[in-house]
Amino acid sequence: MKDIFVEVVFNLPINQTFSYRVPQELSRVQPGMRVLVPFGNQFLTGVVVMKRDRPGFPNPKDVVDVLDELPLITEKMMQLTRWVSEYYLSSWGQALFLALPRGIEEAVKEKVFLLKDLPDDTLTQRQRELFLVIAENPGNTKAYYRKKFGYSSFYNLLNILKKKGFVYFEQEYIEAQARELFRQFVHINEDYPQLKEKFPDFLKYLKRRPEIDAYMSERLGQDILKSKFLEETRMSPPTLAKMCRYGLCQQITKKVERRIHFEDVEEPKIVKLTDEQTAAIKAVEPNIEKEAFATFLIHGVTGSGKTQVYIEVLKKVLARGKTAIILIPEIALTPQTVRRFKKVVGDEIAIFHSKMSLGERLDYWHACYEGRIQCVVGPRSALFAPLDNLGLIVVDEEHEHTYKQTEINPHYNARDVAIYWARMNNAVVLLGSATPSLESYYNALNKKYALIEMKKRIDDVQMPAVEIIDMRRAKKVGQGELRLFSQLLIDKINERLSKKEQVILLQNRRGFSAFEQCSECGFIPICPNCDISLTYHAHGEKLQCHLCGYTIPAYQFCPNCGGRQIVYKGTGTQRIEKALLEVIPHARVLRMDRDTTRGKRSHETILQAFAEGRADILLGTQMIAKGLDFGRVTLVGVISADVGLSIPDFRAPERIFQLLTQVAGRAGRRQKVGEVMVQTYSYSHYAIQFARTHDYAGFFKEELNHRKNFRYPPFVRLIQILVLHKDFMETVNKTREIAHKLKAPLAKYAQVLGPAPGIIQRMNNLHRWVVTLKLNPQTDPTGKITKSILLQKLGSALEKKKKNQQILVDVDPITLN
DNA sequence: AGCACGCCGACT
DNA sequence: GTCGGCGTGCTC
Ligand SMILES: [Zn+2]
Ligand SMILES: [Zn+2]
């Protein structure tokens with residue numbers, strides 16, 4: 001008999017497959033199944049990506065176990081994850097594990113145990129230290145102690161402790177974190193009515209407790225959760241045991257599926273679709289019927305009824321027996337939205353959200369896999385749900401940055417992957433937004449996507465006026481911190497408070513970097529090469545561009561008007577609250593920011609308190625801009641649009657435009673027309689002016705010009721290489737070295753910018769510098785060439801965490817690093 | 001990611 | 001000569 005072999009990938013940053021021999025008894029293994037295999041001195045769960053009759057490596061080890069009966073990963077999903085890994089430069093394994101439920105990895109790892117109670121003087125200082133760390137909590141994995149003790153010399157010292165006979169290692173099986181849930185049930189046997197007659201003592205018992213006889217008789221053949229059974233019958237456990245002995249019923253263990261229950265909503269009034277909605281659905285319909293791939297961009301103002309369009313299209317897709325994925329930014333995953341979809345889909349819906357337990361995720365994943373789910377709703381990870389026969393992917397609020405995964409590999413953008421996945425499945429994509437990303441709208445204008453415009457609001461409520469307060473001229477309420485408020489804004493707030501109405505005040509999160517802005521004319525120093533604001537460095541009194549590195553001395557006077565320059569770093573919500581209370585002492589203010597929402601449910605608590613009218617003013621960062629509308633809020637104030645505008649990112653104007661538009665959309669819901677007031681020193685900035693007039697097309701045109709002139713997306717592709725290092729000089733040197741290494745080989749294909757300091761210059765004790773690549777759309781339109789050169793030149797250094805250093809690659813960064 | 005190995009300077 | 005800090009390279 002000839003041996004068979006498999007190629008396996010792991011959820012590790014190693015971009016290669018590993019060969020294993022398959023023992024005879026495990027020959028049922030197929031690509032897409034999980035296997036437990038030896039790897040180094042441990043055993044890991046990997047996924048088989050290929051079955052073959054020759055080994056890809058001399059003398060491979062044996063597969064220890066096959067963990068699945070059927071492949072968990074389809075051939076198509078293999079292709080998708082492989083593409084994701086190649087496009088975003090991660091390992092295949094890391095991309096592939098996106099398509100599996102979390103926490104399903106079994107492993108065998110070495111754990112450390114003590115042989116002696118106390119350290120003695122045969123140990124050096126460092127060895128003693130490590131011994132004590134282990135003694136604190138023996139029997140854990142090496143990685144556990146390494147994290148506690150620190151990386152440096154860890155293995156060295158640990159092995160010395162072993163050699164000296166203080167500790168020993170033992171391989172221990174570590175089970176998967178996500179487990180199926182089993183519960184005890186009571187099964188009532190069918191022949192209960194006849195059988196009970198044989199047991200006089202039981203009949204006597206029934207005489208006393210006739211309700212039990214009724215209970216049992218009504219449930220013949222049924223399985224009842226044991227705890228429920230005991231509670232409902234108020235029977236004692238010994239009695240139950242006796243009944244089981246008599247064969248009247250039996251106790252069984254059954255797998256139960258964890259499901260999240262939503263209360264049903266009252267029947268919604270029959271919705272009459274608007275003309276625009278009808279037209280939108282009609283535009284999409286042919287592709288649904290032909291099952292032909294296409295991407296539709298629905299540009300619909302807030303309140304134009306995009307969600308109803310999704311729902312109507314979803315109905316058609318489901319009616320054809322196809323499945324659908326609805327992607328929604330986590331923050332918008334509110335019960336109200338979810339219920340609307342639930343209403344349409346019924347029980348065959350799976351809703352994923354970040355607070356779900358591993359077990360719930362596991363059960364829903366299996367429900368999808370087994371074909372019991374027709375529609376998945378969730379944030380970006382829901383895209384990889386194992387649905388068969390996919391017909392539709394909706395990406396709501398497609399411009400949202402949360403679709404891009406930033407912390408962990410692969411750094412994928414679910415919106416873009418969705419389009420690729422839909423193409424593979426001949427499915428239809430609906431991208432929806434009131435403020436589409438420049439990229440998407442540009443694609444729509446170029447006929448890559450079909451454009452659907454929805455300009456009217458269902459309720460016919462006018463978009464509220466957005467009033468821009470020119471802080472250069474406006475009268476302030478006072479000096480010092482009180483210069484934060486214009487008299488106009490404070491007057492308006494007071495007016496609302498006297499009418500017992502509520503106010504929301506928004507402040508941008510503090511910028512990571514300081515910037516200069518003239519308080520007379522609003523001038524912000526901009527890099528002449530990159531069109532982004534220059535970052536102010538107190539050290540050396542200089543201004544520096546964090547893309548190309550351009551540096552000039554900081555201005556003492558405004559070059560525009562000669563005015564006195566101010567250095568401004570944005571004001572935290574805490575200081576704003578203090579100043580606000582100085583101006584309006586009787587105001588009841590709720591603050592919602594990083595500090596006040598640390599607790600698990602603090603979010604909801606604050607929002608609820610505000611909704612119940614226990615405060616007049618809700619003051620917070622952008623996080624309160626979305627996903628909520630309060631009936632009694634009639635004024636939304638933006639304290640300063642300047643912090644947002646000055647973020648050194650070419651998308652800063654786009655983000656401000658989106659924020660202001662969104663705020664306006666929210667403020668103007670319900671019957672009352674709200675009012676939006678925006679304070680800014682950059683009164684004439686195009687993003688602010690176009691937001692004031694709700695003019696997306698105008699904004700798009702102007703912004704597109706900037707992008708074209710300074711060569712940014714959608715005209716070029718960007719790739720950023722981020723160097724993290726403990727030591728500042730090393731960071732700079734390493735970044736310079738990388739830029740230098742890449743310049744010559746990339747000369748034809750990409751412009752190499754930098755080295756330059758990152759937007760966040762220091763995080764977790766690591767300095768951050770970046771090299772930015774602008775790919776040449778003529779010579780390397782897909783980016784494949786640049787990526788292969790990148791891999792070739794930086795190769796194994798990428799993504800590999802070293803003691804003090806790490807190098808990350810971000811393909812299509814959505815916020816500059 | 002996790003781990004071993006080997007080099008080298010520091011310190012018995 | 002050991003210890004321990006650190007970079008490099010392998011894991012089928
Ligand atoms: Zn000025
Ligand atoms: Zn620049």
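So you know, we letter chains A, B, ... as the sequences are listed, proteins then strands, and number each from 1.
Pairs passing the salt bridge (Lys or Arg N to Asp or Glu O under 4.0 Å) check and including a residue from residues 31-55 of chain A, sequence neighbours excluded, read Glu7(A)-Arg52(A), Arg34(A)-Asp68(A). Screening residues 28-51 of chain A for ring-ring contact (aromatic ring centres under 6.0 Å, His included) gives Phe10(A)-Phe39(A), Phe18(A)-Phe39(A) as the qualifying pairs, with residues at least two apart or on separate chains.
The stretch residues 16-54 of chain A touches DNA chain C through Gln16(A), Phe18(A), Ser19(A), Tyr20(A), Pro38(A), Phe39(A), Gly40(A), each having a heavy atom under 4.0 angstrom from the strand. Within residues 98-125 of chain A, no residue places a heavy atom under 4.0 Å from DNA chain B.
To the nearest angstrom, P of dA4(B) lies 12 Å from NZ of Lys163(A). We find that CG of Asp62(A) is positioned 12 Å from P of dC12(C), with the value rounded to whole Å. Distance CH2 (Trp92(A)) to C1' (dC12(C)): 16 Å, rounded to an integer number of Å. For Tyr144(A) and dG2(B), the OH to C1' distance is 18 Å, given to the nearest whole Å. One atom, CG of Leu12(A), and another, C1' of dC12(C), lie 13 Å apart when rounded to the nearest Å. Taking atom CG of Asn59(A) as the reference point, atom P of dC10(C) lies 18 Å away to the nearest angstrom. In this structure, Glu129(A) places its CD atom 9 Å from P of dG4(C), rounding to the nearest Å. Counting to the nearest Å, the P atom of dA4(B) and the CD1 atom of Ile160(A) are 13 Å from each other.
Not counting sequence neighbours, the partners of Tyr168(A) by the ring-ring contact (aromatic ring centres under 6.0 Å, His included) test are Phe113(A). A search for ring-ring contact (aromatic ring centres under 6.0 Å, His included) contacts involving Tyr145(A) returns nothing, not counting sequence neighbours. Residues forming a salt bridge (Lys or Arg N to Asp or Glu O under 4.0 Å) with Glu737(A) (at least two apart in sequence, or on another chain): Lys734(A).
With a 6.0 Å cutoff to the six-membered ring centre and a 45° limit on the axis angle, Lys787(A) counts as a cation-pi contact of Tyr87(A).
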Which donor-acceptor pairs under 3.5 Å do side chains of residues 57-66 of chain A form with protein atoms, sequence neighbours excluded?
{"unit_1": "Asp62(A)", "atom_1": "OD1", "unit_2": "Arg21(A)", "atom_2": "NE", "d": "2.8"}
{"unit_1": "Asp62(A)", "atom_1": "OD2", "unit_2": "Arg21(A)", "atom_2": "NH2", "d": "2.9"}

Side-chain donor-acceptor distances from residues 126-136 of chain A under 3.5 Å, at least two apart:
{"unit_1": "Arg126(A)", "atom_1": "NH1", "unit_2": "Glu129(A)", "atom_2": "OE1", "d": "3.4"}
{"unit_1": "Arg126(A)", "atom_1": "NH2", "unit_2": "Ser152(A)", "atom_2": "O", "d": "3.3"}
{"unit_1": "Gln127(A)", "atom_1": "OE1", "unit_2": "Thr124(A)", "atom_2": "N", "d": "3.0"}
{"unit_1": "Gln127(A)", "atom_1": "OE1", "unit_2": "Lys164(A)", "atom_2": "NZ", "d": "3.0"}
{"unit_1": "Glu136(A)", "atom_1": "OE1", "unit_2": "Lys148(A)", "atom_2": "NZ", "d": "3.4"}

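Distances shown here put every side-chain N or O of Arg146(A) at or beyond 4.0 Å from the OP1 or OP2 atom of dA1(B). The phosphate of dA4(B) (OP1 or OP2) has no side-chain N or O of Tyr155(A) nearer than 4.0 angstrom.
Ranking dA4(B), dG5(C), dA1(B) by closeness to the Asn159(A) side chain, first place goes to dA4(B). The side chain of Gln127(A) sits closest to dC3(C) out of dC3(C), dG5(C), dA4(B). Comparing dC3(C), dG5(C), dG2(B) against the side chain of Asn156(A) picks out dG5(C) as the nearest.
Residue Leu157(A) is classed as a sugar-phosphate contact, given heavy-atom separations below 4.0 Å to backbone atoms only.
Ion pairing between a basic and an acidic side chain is recognised when a charged N comes within 4.0 Å of a carboxylate O; Glu170(A) and Lys111(A) show no such pairing.
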